[in-house]
Amino acid sequence: MPKFKAPRGTYDVLPDTASHWSRVETAFAEISELYGYGEIRTPMFEETDLFVRSSGETSEVVNKQMYTFLDKGERSMTLKPEGTAPVLRAVLEGGLLNQQGQVVRVWYKTPIFRYERPQKGRCRQAHQVGMELIGSSSPNADAEIIEMTVRFYQALGIKQLGVLVNSIGRAQARRAYADAILNHMASWLKDQDQEGRARAEKNPLRLLDSKDPSIQDLLSGAPVVTDYLEPESREHYDAVLKRLNEADIEFEEAPRIVRGLDYYTDTVFEVEGRMLGAQSALCGGGRYDKLIQELGGSPTPAVGAAMGIERALIAMEAEDLLPDVDRLDVFVVALGDQAIQIGNRIVDRLRKEGVSCQQDIEGKGMKNQMKQAGRSSARWTLILGEDEIAAESVTIKNMDTGDQQTVPQADLVSRLKS
RNA sequence: GCGGAUAUAGCUCAGGGGUAGAGCGCCUGGUUGUGGUCCAGGAGGUCGUGGGUUCAAAGCCCAUUAUCCGCCCCA
């Protein structure tokens, strides 16, 4: 029994699944580059206040879920619970927005830390990729971000997903709408315990995506946020929808979509996996025009999204999209000292040609070496024994079909490449 | 944070107050030049952890930890 275990809510990515991770990460990096986004990397922890300011003092994340600690200088630090605020901080600090009218496009890949009760698709150290488009209030920006997320999931091959788009307007509309919801739910609210009531009153919009069937029933006749939008917000929202239609992005309008972090304005969206159980959100994003100001920058509109890597992997697993184990090209079976020497030279030569190779290092016999070859899932096994040495040849065995033929060592590379 | 379930071999699991089980995997041999098939043999477990009850606990009781499902939250 090992003495240590990975801390609660964390886990290791072992070699058999690491390639799945890099596949997701690579897909996102490629999409980002295609849209002209530059990578940005920020520290794992920040001043606690950055997250309090950005996510909102009343948010669940800030209240209950942050990994906060005092460093040796008695400064309150927090492991980043989300990616956006640190990116904006870095963009401001790095002077990327110092020229007026500049539009900045960045993408990132990062772990995030939230103290939560672990569940499938919900860990204390989770991983996200995301992008931010900073400096544009155009609906085209919102549409670009949504389009990118869709392209990302398409690149991974995930089919069963829903793209849910909504607008929650500006502060005024939201306040008016929140009142309307509370009003609508007044009779239900009376019957709730104190905590439930406090939660509902703190953020009435949250009621909208509750999974409680009794709440959902009551909400069926409830007012819709889009009826409360200010004229500019309405216009913006319509333009986003129009742009998405033009780009042939499949989506649905979902008035129940709100976001958990306080900084969103106008457009919010979510990509939902239909195979994910309770943790169904694959991606969340939206516009946050007030946030940069909140962080001390000049007023700057922006829009962005974050995608959970774990959840993408769960979705891919459910749709059987995860690639097989990485195959080795060649395993060299060599029998006897001389053959081993020649085998080493061949392995070296093949690796220089970009052919992945392995050979026995334990001095085992034929049978065992063949077994290793099988286990390595090599495409070909090269056999070097007395006969081959004498003839300066090598036997190539195709491990899938079992066919084998003996060819001159000089022809090896061209044989393998054909 | 709340509710429910689970924890036995590397993996998937069965069992059950009195000597620890299966399938798969692993090792060895049949085959000192052929893996994935077959046959034979073998290794591997303080039954999650800590206490308690008992002549006896892996089983019963209590606590604890981890995982899974739902709520909550969200990626």
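Labels below follow one simple rule: chain letters A, B, ... track the order of the sequence lines, proteins then strands, and each chain is numbered from 1.
Look at CD on A/Glu270: it is 7 Å from P on B/A75, rounded to the nearest Å. Following rounding to the nearest Å, A/Glu310 (CD) and B/C74 (P) show an atom-to-atom distance of 17 Å. For A/Asp16 and B/G10, the CG to P distance is 17 Å, given to the nearest whole Å. Look at CE on A/Met66: it is 14 Å from P on B/C74, rounded to the nearest Å. Distance A/Met316 CE to B/A75 C1': 16 Å, rounded to the nearest Å. Rounded to a whole Å, the CD atom of A/Glu388 is 11 Å from the C1' atom of B/U34. Going from atom NE2 of A/His127 over to atom C1' of B/A75 covers 12 Å, rounded to whole Å. In this entry the distance linking CD of A/Glu272 with P of B/C74 reads 14 Å, nearest Å.
The stretch residues 371-380 of chain A touches RNA chain B through A/Lys371, A/Arg375, each having a heavy atom under 4.0 angstrom from the strand.
Taking atom P on both nucleotides, B/G15 is separated from B/U8 by 14 Å, rounded to a whole Å. Distance noted for atom C1' between B/U12 and B/A7: 14 Å (whole Å). Comparing B/C55 with B/G42, their C1' atoms are spaced 37 Å from each other, to the whole Å. On the P atoms, B/G18 is 11 Å away from B/A57, given to the nearest whole Å. For B/G23 and B/A14, the C1' atoms lie 10 Å apart once the distance is rounded to whole Å. For the P atom pair drawn from B/G30 and B/G35, the interatomic distance equals 12 Å after rounding to whole Å. Using atom C1' as the reference point in both B/U32 and B/G25, the two lie 27 Å apart (nearest Å).
The phosphate of B/U34 (OP1 or OP2) has no side-chain N or O of A/Thr381 nearer than 4.0 angstrom.
Side-chain contact check for A/Gln65 and A/Glu116: at least one donor-acceptor pair (N or O, by modelled atom type) lies under 3.5 Å. Side-chain N/O atoms of A/Tyr67 and A/Gln125 include no donor and acceptor closer than 3.5 Å.
Ring-plane geometry between A/Trp107 and A/Phe28 is classed as perpendicular, the angle between the planes exceeding 60 degrees on a 0 to 90 degree scale with a lower cut at 30.
Going from atom CG of A/Leu335 over to atom CD1 of A/Ile340 covers 8.0 Å, rounded to the nearest 0.5 Å. Between the CG atom of A/Leu205 and the OH atom of A/Tyr264 there is a distance of 14.0 Å, given to the nearest 0.5 Å.
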Kindly indicate, with the supporting measurements, whether the criterion side-chain hydrogen bond (donor to acceptor under 3.5 Å, both in side chains) is fulfilled by A/Ser32 and A/Glu39. CA-CA 8 Å; A/Ser32 297; A/Glu39 184 178 4; over 6 Å; no

Test side chain to side chain contact (heavy atoms under 4.5 Å, CB included) on A/Arg327 and A/Asp400 and set out the steps. CA-CA 12 Å; A/Arg327 296 193 68 171; A/Asp400 294 328; 3.2 Å; yes

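If you check distances only, the side chain of A/Lys367 never reaches the base of B/U34 with a donor-acceptor pair under 3.5 Å.
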Can you give me the N/O atom pairs linking the protein to nucleotides 64-68 of chain B at distances under 3.5 Å, or say none if there are none?
from: B/U67; atom 1: OP1; to: A/Gly9; atom 2: N; distance (Å): 3.2
from: B/U67; atom 1: OP2; to: A/Arg8; atom 2: NE; distance (Å): 3.2

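Taking the ring centre of A/Tyr228 as origin, the terminal cationic atom of A/Arg174 falls outside the region bounded by 6.0 Å and 45° from the ring axis.
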